[in-house]
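These notes are about the structure you will find just below.
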Amino acid sequence: MAWDDLANNQTISFTNLKDAVDTGVFSKKFDISPSNEQITKLDAELLVNLDTSFSPYASKSYNQLVVKSNLSCIVPFASTTNIAWWGIANNETTSSPIQLLAGFNNNLDGRIFRSTDYGNNYSSVLIISDALYSIKFMPSFRHASYLTVPPFVSVGQGRIVTNSNTNCSSWVTVSSPTTQNLYAVAYNNIGVGIIVGASRILKTNTSYRINSWSIVNSVTATWRGITSDGSVFVAVGENSSIITGNAFGTTWTTRSMPPLAPSNITLTGVAYHTDGYFYAVGYTVLGALYMMRSNDGGVTWTQYNPIQSGPLYLTIPLCIESINNRLVIGGLNKQGQIRDNVLTFCTTTTPGNIRWNSVVKDANSNGFDMAGSDSPNGYYSNF
C-alpha cells in the first residue's frame, strides 16, 4: 500500500516506509527492502531521518510497532562559518553528483562551494569581490567559449558568473549590463534566459547562449523570483509586485494582486506546478504566510490557502519549487511540502533564525535540498 493511502492509525510495513521515501515524505539513512512485515520504532529510526523528540514517537518503546501518525520527518543539515548561503543548484538528475552553493562571506565576497557527492560534503571553488544571491542550472544553454560545458549561472551584486568546465572547478565572469543586485534566473525551452533583480530584468541576447545579456525592462521594483512554463515568464517581488513576460522575454506586463489581498506583500518566490498553476509565496508585514496562484499564465491571481498541518506554522516564506508532484517551500526556520492541499513540515533542528533561501530537487533521491543562512553563517540541508 502507498504511504498516502495509509490511515493515521495504521501500522507501517517496510514497503509503506519505502514508498514514503520514494515519494519524498522522508529521507533515508539506508536502503529499504520491500516487505509486508510491520516496522518497530527501532526499525524506523535506523532507516529514515525522524524527529525523535516528536511526542507520539518519543513515548514509544523501541520494540513497539509504530503507526503513521507517530512519525515526523527531520531534515539533516550542516553549516559553514562566516559564509551565508543564498542559492543551491544541481542538474536535478542522478547523472551527476555535483551540487553547488552560492552566497557570500563577512566581507560580502561572493563564494561558490562545490560538492561532488550529491551534497554531502563541500569545498570552495570560487571567491569574487561581489556577493552572489542565486544559482541555476541551464542544461540546454552554452557559453560561446565553452560550447561543450552545460552551464550553471550564478548572479549577485551586478555580477554574472558561470562554470568553464563540466566538473565546475573553474569559473569565469560574464559581462553584466547592470550594477544593480540580481536575485534569480529562469529559462524556457526556446532558448531564452532571464535574470531579475533590483529594478532590472535582463535577457539573453542570443538563443541558448549565456555569454551576452541586455536590459529589457527597468520597472521600479525589486524582483525576487522568476519562473516559466515554456510560454510565459512570471516574476514576483517586493511591494506586491507581479510581472509577466512573453516567451521571447521582450514584452513585459505588470499584473495585479488578488482582490482583497493585504497591502505591500513581499513576494519571494514563484513556481510552475504540474497541475497547470503558477504558485507564488510571500509574507505580510506581520510575517504571515501568503500564497496565491494563477492558471491563466499569470494574468489573474487568486489567494491560495493550503491546510497547515501541525503546530509549526510557516512564517516568512522565502522560496518555492515544484518537485515530484508536490510544492516545496522554505522559510524562516521551516521547511515544508504541500501535497493534496496540505502543508506539512519537516523539522530542522537548526539554531537561531535560519532563513531557508533556496530549494532544489535532490539529485540522488526524491527529496529536496535547501540553502540557508542566519548571516553571517550558512546552512545546507540534504533531504
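One hydrophobic cluster holds both Met370 and Ile323 under the rule that ILVMFWY side chains link at heavy-atom gaps under 4.5 Å.
Using the six-membered ring where Trp is involved, Trp3 and Phe26 have ring planes that are perpendicular, over 60° apart on the 30 and 60° scheme. Under the 30°/60° scheme for interplanar angles, the aromatic rings of Phe141 and Tyr208 are found to be tilted.
For the atom pair Leu147 CG and Arg142 CZ, the distance stands at 8.0 Å (nearest 0.5 Å). Annotation: the span from Ile210 atom CD1 to Lys136 atom NZ amounts to 14.0 Å, rounded to 0.5 Å. Taken from CG in Asn106 to CG in Asn377, the straight-line distance is 8.0 Å, to the nearest 0.5 Å. To the nearest 0.5 Å, atom OG1 of residue Thr268 and atom CZ of residue Arg355 are 8.5 Å apart. Note that CG of Asp43 and OH of Tyr62 are 12.0 Å apart. Values are rounded to the nearest 0.5 Å.
Annotation for Asp5: atom CG counts as buried by contact number, over 12 foreign heavy atoms lying within 6.0 Å. With a 6.0 Å radius and a threshold of 12 heavy atoms from other residues, nucleotides or ligands, Asp31 has its CG atom at or below the threshold. Crowding of Phe248 atom CZ: a count of heavy atoms from other residues, nucleotides or ligands under 6.0 Å not exceeding 12. Around NZ of Lys18, the count of heavy atoms belonging to other residues, nucleotides or ligands within 6.0 Å does not exceed 12.
A centroid separation of less than 6.0 Å is found between the aromatic rings of Phe278 and Tyr272.
Paired with Tyr133 under the rule ring pair (Phe, Tyr, Trp, His ring centres under 6.0 Å), one option of Trp223, Trp86, Trp85 passes, and it is Trp86.
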